Amino acid sequence: MLFSTPGADTTEDFANSPSSGPNALPALPNRFAALGLNANLLRAIEATGYTEPTPVQEQAIPVALAGSDVLVSSQTGSGKTAAFMLPALHRLSAGQAAAGTGPRLLILTPTRELALQVTKAAEVYGKFLRRIKTVAILGGMPYPVQNRLLRQGIDVLVATPGRLLDHLQRGRIDFSRLEMLVLDEADRMLDMGFIDDIETIVAATPATRQTLLFSATLDGTVGKLAAKMTRSPKRIEISSAHARHENIEQRLHFADDLSHKNKLLQFLLRDASINQAVVFTATKRDADTLAHSLVASGFAAAALHGDMRQGERNRTLNAVRSGGVKVLVATDVAARGIDVLGISHVINFDLPRQAEDYVHRIGRTGRAGRQGVAISLASGKDIGAIRQIERYTAHPIPVHTIAGLEPRFAGRAPAKKPAGRRPGSPRSTSYSTRNRTAPRRSA
Ligand code: ADP
Ligand code: MG
């Protein structure tokens with residue numbers, strides 16, 4: 001899914017960033033506003049370019065705002081940082097700070113890298129809030145600097161457990177005014193052997209605190225730790241259905257040559273069930289060429305790729321968000337992270353080079369739990385690539401044909417069955433624009 005690849009962050013940001021500036025569109029109606037967050041946090045969210053909360057955000061934020069302890073399990077990349085940072089910052093900005101200089105919010109993370117990401121998130125989401133001082137205390141940093149930081153008044157403390165425990169045991173941390181404790185990636189912290197450190201740290205915090213625990217799983221030792229340190233917690237388990245793309249119907253069409261591919265594409269794009277589509281090409285040049293030819297055929301199409309200037313890309317993305325562009329012809333990198341609910345179809349005009357890119361591509365549709373359709377156009381030479389994708393996703397892609405546009409090429413395996421049967425594709429269907437759910441073959 002969108003959020004699942006390490007290293008995708010910068011491109012996510014690129015794709016999601018451009019909603020402010022002189023040409024900014026008016027704020028899109030969105031479900032963030034319904035979560036109960038204050039206006040300054042909503043402004044910050046808008047500035048990031050997020051249009052809708054992810055499922056974990058949508059479920060966890062209201063529960064956390066209500067003051068409950070929360071245990072959350074959800075996939076990597078599902079947006080957990082904002083799911084705790086937003087309600088935590090809301091709480092800090094709403095309440096009165098008690099006297100003292102100790103942190104009001106403590107976030108424990110397993111690694112330095114993650115701690116720095118979380119610190120950055122505190123700054124990004126808190127940028128319109130006044131007086132939120134965030135400090136990161138990580139292993140590997142010089143003690144004198146940290147000692148100085150800890151003597152100042154702190155609102156948010158982000159820390160790795162080992163180093164934090166050092167400071168705690170030297171009496172340098174005052175948890176008396178701590179309101180909220182967040183354990184991010186609790187499962188990883190336990191894997192790394194931090195259990196005793198965590199228990200000691202938690203024991204030093206006030207029992208009145210609110211505790212949020214995030215983990216890929218709530219089973220086993222994580223569950224036990226969670227039970228020990230929370231009070232009547234609400235459990236939120238986000239099914240990984242989206243990660244498995246169960247809401248995205250995948251189809252494969254074989255094409256004999258480029259002209260056949262173009263005919264298939266035109267036919268598919270005229271499908272009445274398409275709201276908006278992203279069409280992927282292998283190269284930037286192909287994206288331009290194809291977008292031009294689609295415009296010439298009467299489609300509201302536009303290209304998006306890395307050779308375009310930032311301003312141009314922003315305009316195109318805004319036009320996609322507002323619905324003015326119906327067909328976006330894009331390359332992998334340019335389309336990463338695009339999060340537009342109106343995208344009902346993804347079409348791979350060319351197959352991606354990497355199976356992983358296939359997953360990123362199809363994740364542009366079926367956003368926020370909606371249904372999506374992902375169609376790949378392939379030729380005989382793509383059989384290997386298709387197999388790789390199917391192995392990677394553990395999901396065979398059913399072969400479809402369109403009446404009148406059947407390929408001469410028979411499919412993924414040499415025909416062993418009687419003529420008329422497409423080997424390896426028992427669910428082959430013929431359908432027209434009117435009849436999308438064609439009956440299965442009876443033979
Ligand atoms: P997790 O902690 O679940 O692994 P992160 O919080 O690190 O996931 O988020 C993964 C990526 O998703 C980040 O690049 C983040 O900016 C982006 N992201 C988070 N929330 C949203 C949203 N509501 N819409 C679009 N992108 C989002
Ligand atoms: Mg995370």
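Each ligand, and each atom within it, is numbered from 1 in the order the structure gives. What you see is a predicted model; the values in this text were computed from it and never measured.
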(message) Going by the rule side chain to side chain contact (heavy atoms under 4.5 Å, CB included), which residues pair with Arg43 if we only count those two or more places apart in sequence or in a different chain?
(response) Asn40, Phe128
(message) Between ligand 1 and Gln57, is the shortest N or O to N or O distance under 3.5 Å?
(response) yes
(message) Under 3.5 Å between any N/O of Gly79 and any N/O of ligand 1: does that happen in this structure?
(response) yes
(message) By the salt bridge (charged side-chain N to carboxylate O under 4.0 Å, His left out) test, which pairs, at least two apart or in different chains, include something from residues 72-96?
(response) Arg91-Glu179
(message) Does only the side chain of Asp339 get under 4.0 Å from ligand 1, or the backbone, or both, or neither? Count heavy atoms.
(response) side chain
(message) Regarding ligand 1, does Ser78 bring an N or O atom to under 3.5 Å of one of the ligand's N or O atoms?
(response) yes
(message) Using a 4.0 Å cutoff against the non-hydrogen atoms of Thr81, which atoms of ligand 1 qualify?
(response) 2 (O), 5 (P), 6 (O), 7 (O)
(request) Heavy-atom contacts with Phe32 under 4.0 Å: which atoms of ligand 1 show up? List them by number with element. (result) 23 (N)
(message) Quick check: do Gln276 and Val327 have side-chain heavy atoms less than 4.5 Å from each other?
(response) no
(message) Judged on heavy-atom distance to atom 22 (C) of ligand 1, which of Phe84, Phe214, Tyr50 sits nearest?
(response) Tyr50
(request) Indicate yes or no: does Asp332 engage Arg361 in a salt bridge with an N to O separation below 4.0 Å. (result) yes
(message) As an exercise, identify every atom of ligand 1 less than 4.0 angstrom from a heavy atom of Glu52.
(response) 22 (C), 23 (N), 24 (N)
(message) Checking side chain to side chain donor-acceptor pair (under 3.5 Å) between Tyr358 and each of Glu390, Gln250, Arg353, which is the one that passes?
(response) Gln250
(request) Any chance you could lay out the side-chain contact (heavy atoms from CB on, under 4.5 Å) test for Thr365 and Val373, step after step, and finish with the verdict? (result) CA-CA 7 Å; Thr365 183; Val373 177; over 6 Å; no
